[in-house]
Amino acid sequence: MSPDPQIELVADQGRTLTTDQSSCPLEVRGLTVSYGEKPAVFSVDARFPSASMTAIVGPNGAGKSTFLKGTLGIVPLLAGDVRFFGLPFKQVRADVAYVPQRASVDWDFPARVIDVVIMGLYREVGLFRFAGTRQSARAMDCLDRVGMQDFADRQIGQLSGGQQQRVFLARALAQDAELYLLDEPFAGVDAATEHAIVSVLKQLKADGKTVVCVHHDLSTVIAYFDRALLINMRKQAEGSVAEAFTPETLQATYGGRLAESQIDELRLGLA
Amino acid sequence: MTTADLFLDALSLRAGYNSALVTVGAGLLGVAAGGAGAFVFLRKRALVSDAITHATLPGVALAFIVMAALGGDGRWLPGLIFGSAVSAAIGLIVVEWIAARTRLGEDAAIGAVLSVFFGLGIVLLTVIQTMSQGKQAGLDGFLLGSTSGMLAGEAVLIAAAGGVAVALVVALRRPMTMVAFDPEHAATVGIDVRRTDLAMMGLALIVTVIGLKIVGLILIVALLIIPPVTARFWTDRVDRLILISAGAGGLASYSGAAFSAAARDVPTGPVIVLFAFALFVLSLALSPLRGVLASALRHRRFQHRVHLRQGLLAMARGEAIYDRLTLRILRRRGLIRRDGVATREGRGAAGRAQLDETRWATARRLRADDPVLERYDGLTPIDDVLTSDQVEHLDSLLPKPEST
């Protein structure tokens with residue numbers, strides 16, 4: 001049997017990488033998720049090209065987080081097809097890192113900052129072995145990248161909201177993935193954290209990685225991202241920020257919920 | 001011999017072969033319960049485990065009826081354990097089904113399953129009392145635990161199953177920890193959350209069914225929950241929490257079983273639970289990390305530092321101090337006299353506090369976004385944060401009100 005030409009097994013890491021780097025990091029067709037009988041996301045198609053940074057934008061309850069969870073199979077799909085690097089998620093897990101909302105976990109959990117980051121190395125450490133010095137060094141390196149190296153031994157409950165968010169990002173960095181999916185990484189964080197996270201994400205993009213963020217702050221979309229996906233249950237717009245993030249598409253997405261002044265402000269930002 | 005002497009004999013395993021066997025078996029059960037309970041606690045599933053422990057009763061009773069009807073000894077332990085495991089598993093499935101498929105919450109499902117299964121079990125026990133065969137005497141020992149008349153084979157069975165549970169805890173600690181902390185992230189790195197949860201409840205089930213004989217089904221949930229909450233007072237790390245929890249569970253069960261062997265008429269389960277509770281109370285009071293005494297002391301020390309600092313700054317600005325706690329602290333340190341006038345030491349300390357405050361203010365104005373200066377809390381001296389060279393440089397930039 002000749003090996004599948006699309007797939008190359010990297011023996012020392014024991015994981016599958018796609019050699020066909022031209023294939024899209026994330027491609028979604030007809031994604032539909034429903035809670036009960038009310039669809040939260042309805043038939044959304046989207047492509048997230050390689051080395052891009054996309055903001056998923058939309059009003060509260062528009063299904064942004066649900067869309068992200070749907071792609072990863074965290075919530076069951078009613079319909080739709082999701083491909084990561086041309087393959088189902090199960091085959092390329094190691095290349096995808098997910099950063100959930102900070103509020104989704106109990107921060108009084110008995111763990112130190114370094115313990116949480118080492119959780120990102122789960123696939124390497126394996127099921128039964130203890131994390132060794134090499135893993136600890138890698139985890140420290142990831143903490144360093146988000147400016148949290150001095151906090152490695154702190155109990156996670158003692159951190160500020162922004163610091164917690166940076167620990168979550170460090171855990172994703174430890175996975176050394178090709179695609180990073182982040183759920184509201186800037187929600188409720190301080191200015192220093194926002195700055196630190198943006199520069200890490202921009203560096204990832206510069207290194208050829210792909211970044212997708214659920215994002216709620218319309219005023220920073222243009223400064224931080226190069227692509228936008230506007231969702232309000234259905235897809236309202238998709239493309240480069242210049243094409244997709246316009247006063248018209250925003251009006252369509254948010255309906256009457258955006259004030260004229262906000263629209264004007266964004267128009268100025270675009271000009 | 002007094003009870004105390006008997007207790008010491010039992011603790012040191014000198015109270016006879018059978019008693020020693022039971023004590024060691026109980027210790028192992030406690031280790032397994034503490035280890036498994038750590039995950040039940042971290043995953044916040046204490047109530048679910050309460051439901052499955054109560055759901056064992058109809059299984060015990062039905063197994064007895066079947067074995068007696070087949071003409072055997074209704075009290076054969078492996079048969080009873082098998083029956084209890086089956087009915088507890090059914091209880092667990094029903095709870096999960098109700099929570100997932102109906103609009104009822106998990107709490108309602110737990111309440112319904114717990115009471116219905118337990119009620120059914122009690123009815124079946126009553127039926128058994130009227131049966132003529134099967135040696136039913138002592139079956140109600142499964143409610144509150146009883147070690148008198150325990151057979152050596154039974155103790156070995158309990159010890160062996162306890163060992164299996166401990167091995168499972170060691171093997172599954174990483175995925176269980178990750179699922180307990182962040183199930184969504186765990187799912188994305190390839191951990192099967194449902195199967196991990198199932199394995200965890202399976203562990204709780206093993207502990208429950210092997211604990212039936214010693215602790216009894218009503219109280220076994222205490223042995224799953226009290227040790228981990230006891231351990232939580234002593235550590236902020238999962239791996240240590242599991243070890244301490246297993247140790248606390250083992251210690252409570254071992255000494256509880258020994259005490260119960262010494263004081264003949266006391267049921268084993270309640271004694272073990274009370275020993276576990278004693279460890280909990282000690283930890284609650286005395287732990288230096290999260291104990292009540294330690295946090296009260298920490299709070300007092302912090303309050304004193306705040307009052308001292310406020311008092312010194314007020315003295316430096318020449319303001320009158322009215323707060324009685326502040327006055328008392330300053331007086332006790334010899335910084336003010338009884339009539340409230342500053343002593344020489346007091347004036348010196350006030351000057352230093354004022355200088356420190358000025359240094360902080362200047363540093364924070366000059367380097368507003370330096371993360372080091374985020375450590376300003378009004379109490380930490382700036383010398384702790386900056387090097388002496390940096391402080392010297394800072395002093396050269398300070399405004400000099402006296403000289404102008």
Side-chain angles (χ1 to χ4, degrees), chain A residues 15 36 65 68-69 71-75 89-90 93-94 96-102 104-112 114-116 118-131 147-148 150 153-158 160 168 171-172 174-175 177 181 183 190-192 195-196, chain B residues 38-39 41-44 100-103 167-196 199 228-229 231-245 289-290 367-375 385:
Chain A
R15 67 183 202 188
S65 298
L68 216 54
K69 289 180 187 176
T71 63
L72 293 165
I74 297 172
V75 294
F89 178 51
K90 277 184 183 158
R93 272 184 210 288
V96 182
Y98 171 57
V99 181
Q101 284 184 20
R102 178 165 53 85
S104 65
V105 307
D106 173 11
W107 289 92
D108 193 39
F109 195 85
R112 295 167 304 163
I114 189 89
D115 299 329
V116 172
I118 287 176
M119 287 183 191
L121 294 166
Y122 176 77
R123 299 181 67 84
E124 256 176 63
V125 182
L127 203 57
F128 300 110
R129 284 179 293 136
F130 288 90
M148 289 286 291
D150 294 340
D153 288 326
R154 283 283 184 94
Q155 209 277 325
I156 52 172
Q158 296 170 356
S160 72
F168 260 18
R171 179 179 66 177
Q175 286 173 246
L181 304 174
D183 199 346
D190 52 284
H195 186 76
Chain B
F39 294 112
F41 163 70
L42 290 174
R43 190 83 172 104
K44 300 184 170 41
R101 297 289 154 155
T102 72
R103 308 198 63 142
L168 276 174
V169 168
V170 174
L172 295 174
R173 70 194 185 286
R174 299 198 71 240
M176 282 194 190
T177 303
M178 288 184 64
V179 168
F181 174 60
D182 189 346
E184 290 185 354
H185 176 264
T188 61
V189 299
I191 297 173
D192 189 326
V193 174
R194 215 179 61 84
R195 274 165 56 186
T196 308
V229 297
R232 190 66 185 89
F233 284 111
W234 297 95
T235 181
D236 277 331
R237 296 179 58 176
V238 171
D239 43 1
R240 293 183 189 167
L241 181 101
I242 299 168
L243 285 176
I244 298 171
S245 177
L289 187 64
R290 293 165 77 102
R367 288 157 63 188
D369 52 354
D370 189 331
V372 169
L373 298 175
E374 274 176 43
R375 286 180 54 191
V385 178

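Labels below follow one simple rule: chain letters A, B, ... track the order of the sequence lines, proteins then strands, and each chain is numbered from 1. The shown structure was predicted, so the numbers you read here are calculated from the model rather than taken from an experiment.
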| query | Is there a side-chain contact between B:Thr188 and A:Pro100 (heavy atoms, below 4.5 Å)? | reply |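 Result no, sub-4.5 Å side-chain heavy-atom pair not found.
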
### Message
With heavy-atom distances below 4.5 Å as the criterion, would you say the side chains of B:Val189 and A:Met119 are in contact?
### Response
no

With only heavy atoms counted, which part of [X] is less than 4.5 Å from chain A, the side chain, the backbone, both or neither?
X	value
B:Arg290	side chain
B:Ala180	both
B:Arg232	side chain

Using a cut-off of under 4.5 Å for heavy-atom pairs, which of B:Gly190, B:Pro183, B:Ala187 has the most such pairs with chain A?
->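 When all of B:Gly190, B:Pro183, B:Ala187 are compared, B:Gly190 has the most.
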
> Counting heavy-atom pairs under 4.5 Å to chain A, which of B:Val193, B:Asp182, B:Asp239 comes out on top?
Replying inline: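 Of B:Val193, B:Asp182, B:Asp239, B:Asp182 has the most heavy-atom pairs under 4.5 Å with chain A.
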
Is it the side chain or the backbone of [X] that comes within 4.5 Å of chain B heavy atoms, both, or neither?
X	value
A:Lys90	neither
A:Val99	neither
A:Ile156	side chain
A:Asp108	both

How long is the straight-line distance from [atom2] of [Y] back to [atom1] of [X], given to the nearest 0.5 Å?
X	Y	atom1	atom2	value
B:Asp236	A:Arg154	CG	CZ	12.0 Å
B:Met178	A:Ile118	CE	CD1	11.0 Å
B:His185	A:Ile74	NE2	CD1	9.5 Å
A:Tyr98	B:Glu184	OH	CD	4.5 Å

Practice task
Measure up the B:Phe181 and A:Trp107 rings against each other and bin them: parallel (under 30°), tilted (30 to 60°), perpendicular (over 60°).
Solution key: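 Judged by the thresholds at 30° and 60°, the geometry between B:Phe181 and A:Trp107 is perpendicular.
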
Heavy-atom pairs under 4.5 Å with chain B are the metric here; pick the option from A:His195, A:Gln155, A:Arg171 that has the most.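 Sorted descending by pairs with chain B, the first entry is A:Arg171.
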
